[in-house]
Enquirer: 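Just passing along the structure, written as structure tokens.
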Amino acid sequence: MTDSYDIQQIERKWQQRWKEKNLFATRNDPGRRNFYYLDMFPYPSGKLHMGHMRNYTIGDVVARYHVMRGENVLHPMGWDAFGLPAENAAIKNQTHPREWTHACIAEMHNQFGQMGISFDWDREISTCEPEYYGWNQWLFLQMYRRGLAYRRGSFVNWCPSCATVLANEQVKQGLCERCDALVTKKQLEQWFFKITDYAQQLLDDLEALEHWPERVKTMQRKWIGRSEGVQFRFTLPGLDSAIEVFTTRIDTVFGVTFMVLAPEHPLVEALLRDSDREAEARAFVQKCMAQSEIERGSAEVAKEGVFTGQYAVSPVNGEQVPIWIANYVLMEYGTGAVMAVPAHDQRDFEFARQYGIPVRAVIQPEGEVVDGETMEEAYVEAGVQVNSGQFDGLSNIEAQTAIAKFMESSGIGRRTVNYRLRDWCLSRQRYWGTPIPILYCDTCGLLPAPEDQLPVLLPTDVEFTVGVNPLTTSPTFAQTSCPQCGGSARRETDTMDTFVDSSWYMLRFASPHAGTAPFDRDDVERWLPVDQYVGGVEHATMHLIYARFFTKVLNDLGLVKFREPFTHLFTQGMIGKATYWCSSCRKYLNPPADLAEPEAGKTAACPSCEKSLERRVEKMSKSIGNLVTADSMCQTYGADTARTYVLFVGPPDNDGEWSDEGVSGVYRFLNRVWRLVALHAEGFDPDWRNHVGEGGEEYKTVRRKVHQTAQKVTRDIERFAFNTGISAMMELVNVLTPFAERIGQDPTLATKAVFSEAVEYLILGLSPFAPHLSEELWALIGKQGSAYQAAWLDADPELAKEEEVTIVVQLNGKVRDRLLVQRAASRQALEQLALDSPVIKTHLDGKNVRKVIVVPDKLVNIVAG
RNA sequence: GCCGAAGUGGCGGAAUUGGCAGACGCGCUGGACUCAAAAUCCAGUUCUCGCAAGAGAGUGUCGGUUCGACCCCGACCUUCGGCACCA
């Protein structure tokens, strides 16, 4: 007999059988509870790495566990298949994105098979197929009719390298999330979803999401960014116009000494027209527009501005204040214009000092005087109103309300709420996405594509070249006829952001083949909302807000009955891998291909320029080259070891640095399990229940461990603590391995019964983690059918209870002795036993016992002095 | 800068509810088996002192609450994540 089993052969064999039996087809028994487990579907890049592996293994363990608990489990998988990489690959290799994507999908599908994941492949969906994206178009049209999809010209984030518009979420530090190019501003006609209409609901409904991580909810709250304030106008006497402003600090309104407009503000043009500062101001505005987000947007950049030569009048005291244009005011937030109060706002303060604008304090701490002339930073704390007319003497908190009320009653302004959240720009000037189903007719204007003409198919007669939207190169696509007048019309050539695809895919899985609607209403009612959703924390603000938004819209359209799509959310941490960055070559180097693995704690040098390299732990990605692929792990150690290991290394919500240092431990463990069962298979008695209560103390101890393990594994799967669940099974094997020797020495029915029960529990407890090995062992002990279809562990709490407990005896909080006593011993008995302990007696010598604390079944603490 | 999370052996990490710190695993040390190695098995492994029995210290730092603190409270340090001119 060998020490290890033929992993590859066993895994291939069971994967084959599962496939033949279609074992993972979704069960739909009416009498059972329904459970929908959903993993965030991947972009089909072609390779699954260890981050994916952990994600999908978590899902597989939980899904298998729920199946064994007797529930109907929906555990589907699909592909977030539209997006830029396919298009970039098309440019590079001259293959069509569809071919490239299909090849990647086939490869990843195969890898999921190798990992032994229990997906119901009959429900596979791919967002790049017309059967899917046609419903994106249909949903878009429903939203268009409701005014929730609209078109407007706007300044958008433009990536010159990708030649496309980016959502705010796709701009990281002013750089394109994908290619790191500097993002600039560009005015374009764009399609938007009116997500701001739902800002308040998206915020309010977070409260009810009890089973979402607090961290994600906090991020969403910040992202939505609700703030309450007052909106009112400063009049422009020369222009017969006014500037609308929003402020959260209306208590400081008497401290306004100037106004600031964003360079893009619509009134800039009129203000500059007959100003003596026109030339200088225009130059400044143009400079701002040419600047990228990072040059202009970051807080570290110096505040710059220019005086317009014009004045505005404050509605509260009739004062005239100069109007400036400055780079620190954003057109996208509020009204694009601010009342500047340098005494009480640090940004305004810095600006005022730089340009010599007066500073007037209107709030002072009790008993102190704040002087605008001499203060060195803005005073932003609470205080008492001064220089504020009738409001002098009030605390600024009181003044907030008093001034707001005054402004409302006198018709100057009104209290409003502003959100940081902006409407969702969904237009992309790209080919590999869902065409936006809109037509432009020369006579009738903008029209939705007729629903009976959906899907609007992506054409294939296109060219892929850098910097051009390939969809505009099709000689046939744009040309169409107007459904209203029959005249010639032109199709919209923008495609949709791929976040549209992932905003409703969880519904499609309930009825993936529905042909006359995006989803079957009954199926959706049966399965949704998703009972457990799992994915990377990086989707906290984008995908998870969009999916919530879509659900609310669908609810308002009467298509679904719920308003939140995911009841339980679990966010797994990211798995990174060390890589070495050369700052002078500006590239990542990875061992062993680019350099030798540096010793721990030592720095490595760049092989080409000799500069020392910076060690960085980065998220695994193809572009950095620090990928550890799932299939390489499965080939080296087998899927069962790889699966168990990724869960054993630590809690799944932790970020982690990949290392396969410990993988041998799990590999050895599974081999020990195999030997334990395979080498003692003759000791297995299928009728163990008849004799399992027999035998002495040692037998009881083993059974106790078995049932304790069953309890722990169950609880640990429920709480996503897979690492400790696996540890528990390792402990069980450490107990069973020596016990198994008894079968040879003392082959009674009682011995076999205890062993058999233990083995059965062990195999089933392990089966969600290491399903191939478990199936093999299940068959080896003569079981019919699949371990996957067996019932989950039934832990007996009575058997799991310890009869004797170790009581810790402390003297003044310090452990001095341990006593082994019967469970549930009385307080008095424990106290006496503790005081009688010889060790305690020695330590107590010459001391008075002042107090004794007894915690039954735990400890006795003697306080003495 | 603001908000949030986390700091435990050489390493990954355990520790229901304030009650035995270091489960489980890696690594390391010694041993068994072997001609030898691999594999496997056994023993040890927080640190300091000690031949040992044992004693002392110990969960980022400093303080507090408590009979008792990795756990609760306050201040600070470090790391990671999110946001970053949001008026």
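Because the structure is predicted, anything quoted here is derived from the model rather than measured. When reading the values below, keep in mind they use all heavy atoms of this one structure, side chains included, and skip hydrogens, waters and symmetry mates.
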Enquirer: Using atom C1' of each nucleotide, how far apart are B:A55 and B:G50 to the nearest Å?
Expert: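 Looking at atom C1' only, B:A55 and B:G50 are 9 Å apart.
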
Enquirer: Which nucleotide sits closest to the side chain of A:Val329: B:A87, B:G19, B:G25?
Expert: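 For the A:Val329 side chain, the nearest candidate turns out to be B:A87.
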
Enquirer: Select base, sugar-phosphate, or nothing to describe what A:Gln810 touches, counting heavy atoms under 4.0 Å on all strands.
Expert: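 The answer is base, as A:Gln810 lies within the cut-off (heavy atoms under 4.0 Å) of a base atom.
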
Enquirer: With both distances under 3.5 Å as the test, what is the Watson-Crick or G-U wobble partner of B:G58?
Expert: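 Result: none.
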
Enquirer: Indicate, with a heavy-atom threshold strictly under 4.0 Å, whether A:Tyr419 touches base, sugar-phosphate, or nothing.
Expert: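 Answer is nothing: A:Tyr419 stays at 4.0 Å or more from every strand.
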
Enquirer: Where does B:G9 fall, syn or anti, if syn means a chi angle no more than 90° from 0?
Expert: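 Syn, since the glycosidic angle lies within 90° of 0.
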
Enquirer: Distance check, P atoms only: B:G10 and B:C47, in whole angstrom units.
Expert: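 Nearest-Å result for B:G10 against B:C47 at atom P: 7 Å.
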
Enquirer: If I pick the C1' atom on B:G22 and the same atom on B:A14, what distance separates them, to the nearest angstrom?
Expert: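 Each nucleotide's C1' atom is 7 Å from the other's.
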
Enquirer: Give one of base, sugar-phosphate or nothing for A:Arg816, where a contact means two heavy atoms less than 4.0 Å apart.
Expert: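 Sugar-phosphate contact only.
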
Enquirer: A:Arg719 has a side chain; which of B:C24, B:C83, B:A15 sits nearest to it?
Expert: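 Comparing B:C24, B:C83, B:A15 against the side chain of A:Arg719, the answer is B:A15.
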
Enquirer: Return the value, rounded to whole Å, for the distance between atom CG of A:Leu736 and atom P of B:C24.
Expert: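 Nearest whole value for this atom pair: 15 Å.
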
Enquirer: Could you check which nucleotide pairs with B:A38 in any of the strands shown, counting Watson-Crick or G-U wobble with both distances under 3.5 Å?
Expert: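 Paired with B:A38, as far as the under-3.5 Å criterion goes, is no nucleotide at all.
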
Enquirer: Does any nucleotide pair with B:U78 by Watson-Crick or G-U wobble geometry, both distances under 3.5 Å, and what is it?
Expert: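 Its partner is B:A6.
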
Enquirer: When all nucleic acid strands are considered with a 4.0 Å heavy-atom cut-off, which category describes A:Arg668: base, sugar-phosphate, or nothing?
Expert: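 A:Arg668: backbone/sugar contact only, no base atoms under 4.0 Å.
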
Enquirer: Would you check if the distance from the ring center of A:Tyr328 to the ring center of A:Phe351 is below 6.0 Å?
Expert: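 Ring centres of A:Phe351 and A:Tyr328 closer than 6.0 Å.
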
Enquirer: Side-chain N or O of A:Lys851 versus OP1/OP2 of B:C67: is the shortest distance under 4.0 Å?
Expert: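 Answer is yes, contact under 4.0 Å.
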
Enquirer: Looking only at N and O atoms, is any donor in the side chain of A:Lys303 or the base of B:C85 less than 3.5 Å from an acceptor on the other one?
Expert: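 Between B:C85 and A:Lys303, which were checked side chain against base, a qualifying N/O pair under 3.5 Å is present.
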
Enquirer: Name the residue closer to the 5' end of RNA chain B, choosing between A:Val666 and A:Pro738 according to the nucleotide with the nearest heavy atom.
Expert: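 Final value for this comparison: A:Val666.
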
Enquirer: On RNA chain B, does the nearest nucleotide to A:Arg818 precede the nearest nucleotide to A:Met219 from the 5' side, or the other way round? Give the residue.
Expert: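 Counting from the 5' end, the first nearest nucleotide belongs to A:Arg818.
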
Enquirer: In whole Å, measure the gap between the C1' atoms of B:A23 and B:G56 for me.
Expert: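 Result for the C1' pair: 25 Å, nearest Å.
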
Enquirer: Where the side chain of A:Thr248 is defined as all heavy atoms beyond and including C-beta, which of B:A87, B:G19, B:G13 is the nearest nucleotide?
Expert: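 When the side chain of A:Thr248 is considered, B:A87 is the closest of B:A87, B:G19, B:G13.
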
Enquirer: Is the shortest side-chain N/O distance from A:Lys217 to OP1 or OP2 of B:A5 below 4.0 Å?
Expert: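 The answer is no; no side-chain N or O of A:Lys217 sits under 4.0 Å from OP1 or OP2.
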
Enquirer: Report which part of the nucleic acid A:Ser227 touches: base, sugar-phosphate, or nothing (heavy-atom distance under 4.0 Å, all strands).
Expert: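 Sugar-phosphate only.
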
Enquirer: Determine the contact category for A:Asn812: base if any of its heavy atoms lies under 4.0 Å from a base atom, sugar-phosphate if only primed atoms, P, OP1 or OP2 are that close, otherwise nothing.
Expert: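 No contact at all - A:Asn812 keeps every heavy atom at 4.0 Å or more from the nucleic acid.
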
Enquirer: Does B:U65 have a Watson-Crick or wobble mate here (both distances under 3.5 Å), and if so which one?
Expert: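 Across any shown strand, B:U65 pairs with none.
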
Enquirer: Which listed nucleotide (B:C24, B:C67, B:G19) is nearest to the side chain of A:Leu859?
Expert: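 Between B:C24, B:C67, B:G19, the one nearest the side chain of A:Leu859 would be B:G19.
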
Enquirer: Looking at B:C11, which nucleotide sits across from it as a Watson-Crick or G-U wobble partner, both distances under 3.5 angstrom, or is there none?
Expert: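 By the stated definition (distances under 3.5 Å), B:G25 pairs with B:C11.
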
Enquirer: With a 6.0 Å cut-off on ring centres, are A:Phe669 and A:Tyr667 close enough?
Expert: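 No, the ring centres sit 6.0 Å or more apart.
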
Enquirer: Apply side chain to side chain contact (heavy atoms under 4.5 Å, CB included) to residues A:Phe234 and A:Met259 and explain how you reach the verdict.
Expert: CA-CA 9 Å; A:Phe234 279 70; A:Met259 303 277 306; 3.5 Å; yes

Enquirer: Pairing donors with acceptors under 3.5 angstrom, does anything connect the side chains of A:Gln346 and A:Glu350?
Expert: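 Checked: A:Gln346/A:Glu350 side chains pair up, N/O donor to acceptor below 3.5 Å.
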
Enquirer: Using a cut-off of 4.0 Å on non-hydrogen atoms, how would the nucleic acid contact of A:Asn861 be classed: base, sugar-phosphate, or nothing?
Expert: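 Answer is base: heavy atoms of A:Asn861 come under 4.0 Å of a base.
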
Enquirer: Less than 6.0 angstrom separating the ring centers of A:Trp658 and A:Tyr645, yes or no?
Expert: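 For A:Trp658 and A:Tyr645, the ring centres are under 6.0 Å apart.
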
Enquirer: Taking the minimum atom-to-atom distance to the side chain of A:Asn723, which one of B:A23, B:A14, B:C41 wins?
Expert: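 When the side chain of A:Asn723 is considered, B:A14 is the closest of B:A23, B:A14, B:C41.
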
Enquirer: What's the closest nucleotide to the A:Val338 side chain, out of B:G13, B:C20, B:A87?
Expert: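 Of the candidates, B:A87 comes closest.
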
Enquirer: Can you tell me how far C1' in B:A75 sits from the matching atom in B:G25, rounded to whole Å?
Expert: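 The answer is 38 Å between these two C1' atoms.
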
Enquirer: What closest approach, in Å, do A:Gln220 and A:Ala540 show between heavy atoms, and which atom pair accounts for it?
Expert: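 Heavy atoms only, the tightest pair is NE2-O, 2.9 Å.
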
Enquirer: Would you indicate which nucleotide in B:A87, B:C26, B:G12 comes nearest to any side-chain atom of A:Leu330?
Expert: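 Ranking B:A87, B:C26, B:G12 by closest atom to the A:Leu330 side chain puts B:A87 first.
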
Enquirer: Over all strands shown, is A:Ser659 touching base, sugar-phosphate only, or nothing at heavy-atom distances under 4.0 angstrom?
Expert: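 Touches nothing.
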
Enquirer: Tell me what A:Asn418 touches on the nucleic acid: a base, only sugar-phosphate, or nothing, going by heavy atoms under 4.0 Å.
Expert: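 Result for A:Asn418 = nothing.
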
Enquirer: Would you mind telling me which of B:C26, B:C41, B:C20 lies closest to the side-chain atoms of A:Arg675?
Expert: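 Output: B:C41.
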
Enquirer: Watson-Crick or G-U wobble partner for B:C70, using a 3.5 Å limit on both distances?
Expert: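 Checking every strand shown, B:C70 finds no partner, since no pair has both distances under 3.5 Å.
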
Enquirer: How about A:Arg226 and A:Gln200: does a side-chain donor come under 3.5 Å of a side-chain acceptor?
Expert: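 Yes, side-chain donor-acceptor contact under 3.5 Å.
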
Enquirer: Please give the distance between the P atoms of B:A6 and B:A87 as a whole number of Å.
Expert: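 It works out to 28 Å between them.
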
Enquirer: With heavy atoms under 4.0 Å as the rule, sort A:Val855 into base, sugar-phosphate or nothing.
Expert: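 If one applies the 4.0 Å heavy-atom cut-off, A:Val855 turns out to touch a base.
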
Enquirer: Would you measure the distance from the P atom in B:U45 across to the matching atom in B:C80 and give it in whole Å?
Expert: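 It works out to 35 Å between them.
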
Enquirer: State which residue, out of A:Leu859, A:Val821, A:Leu819, A:Leu820, fulfils the side-chain contact (heavy atoms from CB on, under 4.5 Å) condition with A:Thr806.
Expert: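 Checked A:Leu859, A:Val821, A:Leu819, A:Leu820 against A:Thr806; only one passes side-chain contact (heavy atoms from CB on, under 4.5 Å): A:Leu820.
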
Enquirer: Rounding to the closest angstrom, what is the interatomic distance between B:U16 and B:C71 at atom P?
Expert: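 After rounding to an integer number of Å, I get 13 Å for this pair.
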
Enquirer: Considering just the side-chain nitrogens and oxygens of A:Asn654, establish if one lies under 4.0 Å of OP1 or OP2 belonging to B:A5.
Expert: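 The answer is no; no side-chain N or O of A:Asn654 sits under 4.0 Å from OP1 or OP2.
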
Enquirer: Counting side-chain heavy atoms from C-beta on, which of B:A55, B:C67, B:G25 comes nearest to A:Arg672?
Expert: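 That would be B:G25.
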
Enquirer: Reckon A:Arg420 touches a base, only the sugar-phosphate, or nothing at all at heavy-atom distances under 4.0 Å?
Expert: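 It contacts base atoms.
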
Enquirer: Using the side-chain heavy atoms of A:Val815, tell me which of these nucleotides is nearest: B:C24, B:A21, B:U40.
Expert: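 Within the option list, the nearest is B:A21.
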
Enquirer: Would you say the rings of A:Phe570 and A:His211 are close, in the sense that their centroids are separated by under 6.0 Å?
Expert: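 No, too far apart.
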
